[in-house]
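Worksheet for the structure shown next.
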Number of protein chains: 2
Amino acid sequence: MTTIKKIAELANVSTATVSKIINGKDQYISEATRQKVLEIVEREGYIPNGVAKSLKMRRTKTIGIILPDVMNLFFSELARGAEDAAEKEGYSVILCNTDNKELKEEKYLNILHEKMVDGIIMTAAEGSMNKSVKISKTPMVLVDRDIELDKPVGRITVNNEEGAFMATKFLIEKGCKNIGFISSQKKNKPSAERLKGYRRALKENGLEVDEKKIFLQNFTIASGYEGVMALLERNKVDGIFCGNDLIAIGAIQALKENNLKVPKDVKVIGFDDISMSQFMDPPLTTIKQPIYQLGEEAVKMLVAIIGKKDIDMHKVLRTELIERGSC
Amino acid sequence: MTTIKKIAELANVSTATVSKIINGKDQYISEATRQKVLEIVEREGYIPNGVAKSLKMRRTKTIGIILPDVMNLFFSELARGAEDAAEKEGYSVILCNTDNKELKEEKYLNILHEKMVDGIIMTAAEGSMNKSVKISKTPMVLVDRDIELDKPVGRITVNNEEGAFMATKFLIEKGCKNIGFISSQKKNKPSAERLKGYRRALKENGLEVDEKKIFLQNFTIASGYEGVMALLERNKVDGIFCGNDLIAIGAIQALKENNLKVPKDVKVIGFDDISMSQFMDPPLTTIKQPIYQLGEEAVKMLVAIIGKKDIDMHKVLRTELIERGSC
DNA sequence: ATGAAAGCGCTAACAG
DNA sequence: CTGTTAGCGCTTTCAT
């Protein structure tokens, strides 16, 4: 393996000189030695040892991203936004899937600390109250889900309550009188806020909130399916606000199986606007979150924190209604 | 920051002793000192510095995964399979998106080398003939796409030609006489092989291969859409074999816009069986690849290579026909 | 059963 | 303009 030392020997200079040249700190280096060293570096195919550099510099130019599951379109888009931004900022990203399990979250947090990542972006597991999260000195930004923490961390979220309000109101304006809500559980913060928005919209429009029309389980297609089956059993509904698009996909599936037409018999609106939503049949009307941008902003904020910049530690991005075919 | 040195001082032992205890190489350590040290480690919340360890040990327990785009459901599933397997093997994974650009591929390869990853899993950019790929001494396994390389690397692929043959044959058995093929370009190896399978199936069943019914562009929804538009302009088709499911999704979209019913007027079959395919309308009939397993097998092979195990460097996984509603 | 010491490859303060 | 040197935190050989 070619090291700085070997280059130094071959060029008859010190390692310090080589280091300076490689890192562009060569204001005081003669052009002659600069050329000579660069030539040898090239010829030998020298690759700097980043590990040694990191040890010395006490930074790894690596960040960790902890999320439930990259296979979930929401998180893959988030991850992509984060990776792109990280690349621009000169960082690499280590990917960690938790499946919403606190145990895995804890494990990854430990690994990332040992690996001395410069910062961590995390969508906390539902209800996570991690010891490691609280203790860690590593800069961190929480995306999508807020959790209670006594140390200062960055936060990137979206106006969930308002988005949900918009969604429900839209359903009402389309003439729905019996509007169901299918979402994840309340310990999932975004889900809880969307529930609030749903309630407020009903109340402000003179509609009664019927707890039997609320089905809270998971942010999955399966839950959407089961939610509709459960709702249909005990209610008549003419509109459903789904806590995310995956749920909406499952819901529509179930509605079709019950010979209910969307949007004629039942109108459905989702949340997120994941990339596939527009290709569903009918194409999903939904509350769009700037998912990719969420990832981008998370690393921008993280990089700012790492660089000890004085910034606002909470950023709220805006949602937007996208009207398509499902209501 | 707590270091091994500090622990050693607090416990009145040498750093060597602490190191041995931490790493379980404590056969010759008295139970008394072991307890004492462990206690202090716990109390101080000591976290080993993985960077220093890596420098000394000359391994990072990290692998890189290079792929076109995690937002593409195929690759997110592949990445998930890889990450899960890596976690089991004690490795972390650095995620790199290339968008199929050789330049980005090259850049990431360099970064990964500098970061001293123990191995690399890569879905090479189309037509990639990377200098870095050829030079690198880092263990590597290529997934999905084979590229020509003069050094020994692991390969995990799928029987593409055969899968395509199955797909096309299935369309023929369903009564299609005019079968189009929409896929990515030939420089994409899997696409080229699927084209071969398509051709062979037509020939072996007495059907003529009509170059005007072949549309080669990208593995994207947009290409599927454009492909159908192009085919419809100059041909009548009653069946389309799509090189992957994304193309199939775009194709069905375009077909619907042309008031053609799927599968009644035109039968469509895809390739991959990405997770969303079953939720399309109609649900996609497709050739399933074991995508998640592809990722898993890739890291298993990579870990074996890193460990200098003597293994078969080429593994071919099998495809399987999944019949659903689109033909 | 324990410790001293060398060294992984690099950077940077300081000296010359 | 260039080199010497000390260490970053860890593992491991070899003594004791």
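Naming: A, B, ... by sequence-line order, numbering from 1 per chain.
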Using whole Å, what does the distance between atom P of nucleotide D/dT11 and atom CD of A/Glu114 come to? 10 Å
Looking only at N and O atoms, is any donor in the side chain of B/Lys56 or the base of C/dG9 less than 3.5 Å from an acceptor on the other one? no
Does a nitrogen or oxygen in the side chain of A/Asn23 sit under 4.0 Å from OP1 or OP2 of C/dT11? yes
Going by an N to O cut-off under 4.0 Å, is there a salt bridge joining B/Asp99 and A/Arg80? yes
Using a strict threshold of under 4.0 Å (side-chain N to carboxylate O), is an ion pair present between B/Lys20 and B/Asp26? no
Nearest-Å distance for atom pair CD/C1', residues B/Glu9 and C/dG3: 14 Å
Check whether the side chains of B/Thr60 and B/Asp118 place a donor and an acceptor atom closer than 3.5 Å, and report yes or no. yes
Would you say B/Arg58 places a side-chain N or O within less than 4.0 Å of OP1 or OP2 belonging to C/dG9? yes
Counting only side-chain N and O atoms of A/Ser19, is one of them less than 4.0 Å from OP1 or OP2 of C/dT11? yes
B/Ile29 or A/Pro48: which one's nearest nucleotide on DNA chain C is closer to the 5' end? B/Ile29
Rounded to whole angstroms, how far apart are CD1 on A/Ile4 and P on D/dT2? 15 Å
Stepwise side chain to side chain donor-acceptor pair (under 3.5 Å) check, A/Tyr292 with A/Asp84: CA-CA 9 Å; A/Tyr292 180 92; A/Asp84 282 0; 2.4 Å; yes
Is the phosphate of C/dA12, meaning OP1 or OP2, less than 4.0 Å from a side-chain N or O of A/Lys25? yes
Supply the atom-to-atom distance A/Ile21 CD1 to A/Ile7 CD1, rounded to the nearest 0.5 angstrom. 10.5 Å
Examine C/dG3: is either OP1 or OP2 under 4.0 Å from a nitrogen or oxygen in the side chain of B/Thr17? Give yes or no. yes
Separation of C/dC8 atom P from B/Arg59 atom CZ, nearest Å, is 17 Å
Mind checking if A/Thr33 touches a base, just sugar-phosphate, or nothing, with heavy atoms under 4.0 Å? sugar-phosphate
Could you state the atom-to-atom distance from CG of A/Asn49 to P of D/dC8 in whole Å? 18 Å
A/Gln27 or A/Thr15: which one's nearest nucleotide on DNA chain D is closer to the 5' end? A/Gln27
Are B/Glu126 and B/Lys189 close enough for a salt bridge, meaning some N to O gap below 4.0 Å? no
Residues A/Asn23 and A/Lys53: side-chain donor-acceptor under 3.5 angstrom: yes
Does B/Tyr46 make a side-chain N or O approach to OP1 or OP2 of D/dC10 shorter than 4.0 Å? yes
Base, sugar-phosphate alone, or nothing: which one does B/Asp26 contact when heavy atoms must sit under 4.0 Å apart? nothing
Just by distance, with hydrogens left out, do B/Gln35 and B/Glu31 show a side-chain donor and acceptor under 3.5 Å apart? yes
Tell me which of B/Ser14 and B/Ala52 sits closer to the 5' end of DNA chain C, going by the nucleotide each one is nearest to. B/Ser14
Would you state whether a donor and an acceptor, one from the side chain of A/Lys5 and one from the base of C/dG7, lie under 3.5 Å apart? no
State, to the nearest 10°, the angle formed by the axis through the first five base pairs of the helix from C/dA1-D/dT16 to C/dG16-D/dC1 and the axis through its last five. 40°
Spacing between A/Met57 atom CE and C/dG9 atom P, to the nearest angstrom: 18 Å
Between D/dT2 atom P and A/Lys20 atom NZ, what is the distance in whole Å? 9 Å
Rounded interatomic separation in angstrom, taking OH from A/Tyr28 and P from C/dG16: 19 Å
Using a heavy-atom cut-off of under 4.0 Å over every strand shown, decide if B/Val13 touches base, sugar-phosphate, or nothing. sugar-phosphate
